[in-house]
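Have a look at the structure below before the remarks.
Sequence lines set the chain letters: A, B, ... in the order given, protein chains first and strands last, and positions in each chain run from 1.
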Amino acid sequence: MQQLGVAPNYLTYPFLVKASARLSNQESGVSLHAQIIKTGHESDIFIQNSLIHMYASCGNIIGAHKVFDSMQGKNLVSWNSMLDGYAKCGDMVLAHKVFESMQDRDVRSWSSLIDGYVKAGEYREAMAIFEKMQVVGPKSNEVTMVSVLSACAHLGALEKGRMMHKYIVNNGLPMTMVLQTSLVDMYAKCGAIEDALFVFRGVSKSQTDVFIWNAIIGGLATHGLVEESLKLFKEMQMVGIRSDEITYLCLLAACAHGGLVKEAWYFFESLVKCGMTPTSEHYACMVDVLARAGQLTAAYQFICQMPIEPTAPMLGALLSGCINHRNLDLAEIVGKKLIELDPNNDGRYIGLSNVYA
DNA sequence: CTAGGGTTAG
C-alpha cells in the first residue's frame, strides 16, 4: 500500500493497530502511533481506543493509560479497553477501580472484570462478581460463561457448574466451540468425566479443533483413564486434527499416570519428529514417567542430557521416585540440587527429610 | 474502523 503511494486513512489505522496488538508487537504499534500523530489522526476516538488496546496487549499499561488520559471524549469502548488492560495485566485493584468509576457498564465490562479475577486465580471473587451481575448487571452471554465455567472448574464446584450449564441452555446462549470446550474442561476438572464425554460427543467431529481434543484427552489423563485418553488421541489423528505441544503434554501425563514408559518415549520422540520443541514441562513429565517406574538412572541421565536447565518440578519428580524406590544415595544428590534451586520448596524438603529419618 | 472467552499445572 505504501509502496503504491496510497496513504492509510482514519479507517485503516484501527486495523493496523489491532494487528500490532494481536502480534504483541509494540515496536510496530509505536511507529503507527507516531504516524497517526503526524497525519493528524490522534484525536479520532476509534484510533485512540485501538491504541489503548494495543499498548495494554503489549503489557505497556502506562502507555495505554497515557492515551486514555489524553482523550477528551471517552466512550464505553475506551473504558472497557482500559478495564480489560488492567485485568489482563493482572492488576485487579486498578481494574476494579476503573470498573467502579464507569457510568455505564455493559456485558463486556462485567465479563472483563470476571475474567480478570479468574486469570488472577481469585475464583471466589469471580463468582461473587457474576452473582452480583445477575442481580444488578446486564444479562451475561456466552463469553461471560466461559470465564464463569473456568472459575467453577478451578473450584471443583460441580453443582454450580451444572447450574451454569443449565443457565446456558435455558437462556439459549450460542453453543460455540469455546463454550463447549469450557464445559468439557469444567466437567473433567470436577471429576464428572461422563458429563465431559457427553458434551464432547455432542460436537460433530468435523467442527472440532485442537483445544477441545486437548481438554478431553487431558481430562481423561488426569483422572487416570489412561486407555481412554490414548484412544481419543488415536481418534483425534483419524479426524485429522493436528496435535500440538499441549496434546503431547496431556499424553505424557497420561503415561505418567498409567506407568507407560514405552508409550511415553514414543510420544516424546513423536513430539520432536513433528517439529515441536519440548518445553521444561515435557521434560518434567518424562522424568516423572521414568522416576515412577523406578528407572532412576535413566531419569537422571535424561536430565543430564537435556538442552535446558533442570527445573524444580523435574527434580521434585525424580526425588519422589528416589524415595519411593528406596534409592537414598541418589535422593540425597537430587535433594541437595533441588534445595539449591528452590530453597522455599517446603513439600519437597519434607520429602527429603524422610530420607534421613 | 475500536473493547471480552477455551486446552498443561504434580
Side-chain angles (χ1 to χ4, degrees), chain A residues 8-18 21 41 44-54 56-57 64 67-68 71 74-85 87-88 106-116 118-119 121 140-150 153-154 173-174 176-186 188-189 200 208-219 221-222 241 243-254 256-257 279-282 284-285 287-289 291-292 311-314 316-321 347-348 351:
Chain A
N9 70 0
Y10 68 101
L11 294 171
T12 326
Y13 283 117
F15 290 123
L16 295 170
V17 175
K18 184 181 187 167
H41 291 299
D44 183 290
I45 192 166
F46 283 82
I47 292 174
Q48 290 169 318
N49 289 343
S50 62
L51 284 169
I52 293 171
H53 179 233
M54 182 276 294
S57 298
V67 177
F68 183 76
M71 297 174 73
K74 302 177 182 73
N75 64 12
L76 186 54
V77 177
S78 324
W79 284 93
N80 279 347
S81 302
M82 202 61 241
L83 161 59
D84 193 60
K88 286 271 180 310
D106 65 358
V107 63
R108 286 178 187 237
S109 325
W110 288 88
S111 298
S112 285
L113 190 67
I114 292 169
D115 192 58
V118 171
K119 295 285 144 64
S140 37
N141 65 11
E142 72 279 11
V143 179
T144 324
M145 298 315 290
V146 167
S147 303
V148 172
L149 285 170
S150 176
H154 286 279
L173 299 186
T176 61
M177 271 290 296
V178 177
L179 194 47
Q180 291 173 110
T181 304
S182 298
L183 282 167
V184 168
D185 182 54
M186 182 276 292
K189 282 208 169 72
F200 178 77
T208 55
D209 62 9
V210 67
F211 286 88
I212 197 158
W213 284 97
N214 287 350
I216 193 70
I217 290 171
T222 49
I241 305 295
S243 39
D244 65 6
E245 284 89 345
I246 291 172
T247 317
Y248 281 99
L249 206 48
C250 296
L251 292 167
L252 290 173
H257 214 116
T279 65
S280 73
E281 275 100 350
H282 292 104
C285 251
V287 170
D288 195 32
V289 171
R292 276 174 202 268
T311 61
M314 240 175 250
L318 180 52
L319 178 57
S320 300
R348 301 298 182 191

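Counting non-hydrogen atoms under 4.0 angstrom, A:K74 reaches nothing in the nucleic acid. Using a 4.0 Å heavy-atom criterion, one finds that A:Y10 contacts the bases of the nucleic acid, with or without backbone contacts as well. In this structure, A:E142 reaches the bases: a heavy-atom distance under 4.0 Å links it to at least one base atom across the strands shown. Within 4.0 Å of A:D288, counting heavy atoms only, lies no atom of the nucleic acid at all. If you check every strand for non-hydrogen atoms under 4.0 Å, A:T222 touches sugar and phosphate atoms only. Residue A:M82 is classed as having no contact, given no heavy-atom separation below 4.0 Å to the nucleic acid. Contact annotation for A:D106: base contact, defined as any heavy-atom pair under 4.0 Å involving a base atom. When heavy atoms are screened at a 4.0 angstrom cut-off, A:V17 is found touching no nucleic acid atom at all. Within the nucleic acid shown, A:A87 has no heavy atom closer than 4.0 Å to any nucleic acid atom.
For A:N80, counting side-chain heavy atoms from C-beta on, the closest listed nucleotide (B:dG5, B:dA3, B:dG6) is B:dA3. Listed nucleotides: B:dG6, B:dA3, B:dT8. Nearest to the side chain of A:L249: B:dT8. Comparing atom distances between the A:H53 side chain and each of B:dT2, B:dT8, B:dG4 picks out B:dG4 as nearest. Here B:dT7 is the nucleotide among B:dT7, B:dC1, B:dG5 with the atom lying nearest to any side-chain atom of A:D244. Set against B:dG6, B:dT2, B:dA3, the side chain of A:I212 has B:dG6 as its closest nucleotide. When distances are taken from the side chain of A:S81 to each of B:dT7, B:dA3, B:dG6, the shortest belongs to B:dA3.
Applying the 3.5 Å distance criterion, the base of B:dG4 shares a donor-acceptor pair with the side chain of A:S111. Counting atom types as modelled, A:T181 pairs a side-chain N or O with a base atom of B:dG6 as donor and acceptor under 3.5 Å. Scanning atom types as modelled, one donor and one acceptor separated by under 3.5 angstrom connect the side chain of A:D209 and the base of B:dG6. Counting atom types as modelled, A:N141 pairs a side-chain N or O with a base atom of B:dG4 as donor and acceptor under 3.5 Å. Remark: the A:T176 side chain and the B:dG6 base include no donor-acceptor N/O pair separated by less than 3.5 Å.
Taking A:K74 as the reference, nothing meets the side-chain hydrogen bond (donor to acceptor under 3.5 Å, both in side chains) condition, with sequence neighbours excluded. For A:A253, the side-chain contact (heavy atoms from CB on, under 4.5 Å) partners two or more places apart in sequence, or in a different chain, are A:C285.
Scanning all heavy atoms of the two residues, the minimum distance from A:L179 to A:M145 falls at CD1-CB, 4.1 Å.
Residue A:K18 places at least one side-chain N or O closer than 4.0 Å to OP1 or OP2 of B:dA3. For A:K119 and B:dG4, the shortest distance from a side-chain N or O to OP1 or OP2 is not below 4.0 Å.
When the C1' atom of B:dG10 is taken as reference, atom NE2 of A:H282 falls 15 Å away, rounded to whole Å. If you take CG of A:L76 and C1' of B:dT2, they are 12 Å apart, rounded to a whole angstrom. Atom CG of A:N9 is separated from atom P of B:dT2 by 14 Å (rounded to the nearest Å). Between the CG atom of A:L252 and the P atom of B:dT7 there is a distance of 19 Å, rounded to whole Å. Taking atom CG of A:L319 as the reference point, atom P of B:dG10 lies 18 Å away to the nearest angstrom. Between A:N49 atom CG and B:dT2 atom P there is a gap of 10 Å when expressed in whole angstrom units. For the pair A:I241 CD1 and B:dT7 P, the interatomic distance rounds to 18 Å; values are reported in whole Å. Rounded to an integer number of Å, the gap from A:Q48 CD to B:dA3 P is 15 Å.
Between A:T247 and A:D244, the side chains place a donor N or O and an acceptor N or O closer than 3.5 Å (distance only, hydrogens not considered). Side-chain polar atoms of A:D106 and A:S109 form a donor-acceptor pair below 3.5 angstrom. Between the side chains of A:T279 and A:H282, at least one donor-acceptor pair of N or O atoms lies under 3.5 Å.
Stacking between A:F46 and B:dT2 is absent: the ring centroid is not both under 5.5 Å from the six-membered base ring centre and under 30° in plane angle.
Using the six-membered ring where Trp is involved, A:W213 and A:F200 have ring planes that are perpendicular, over 60° apart on the 30 and 60° scheme.
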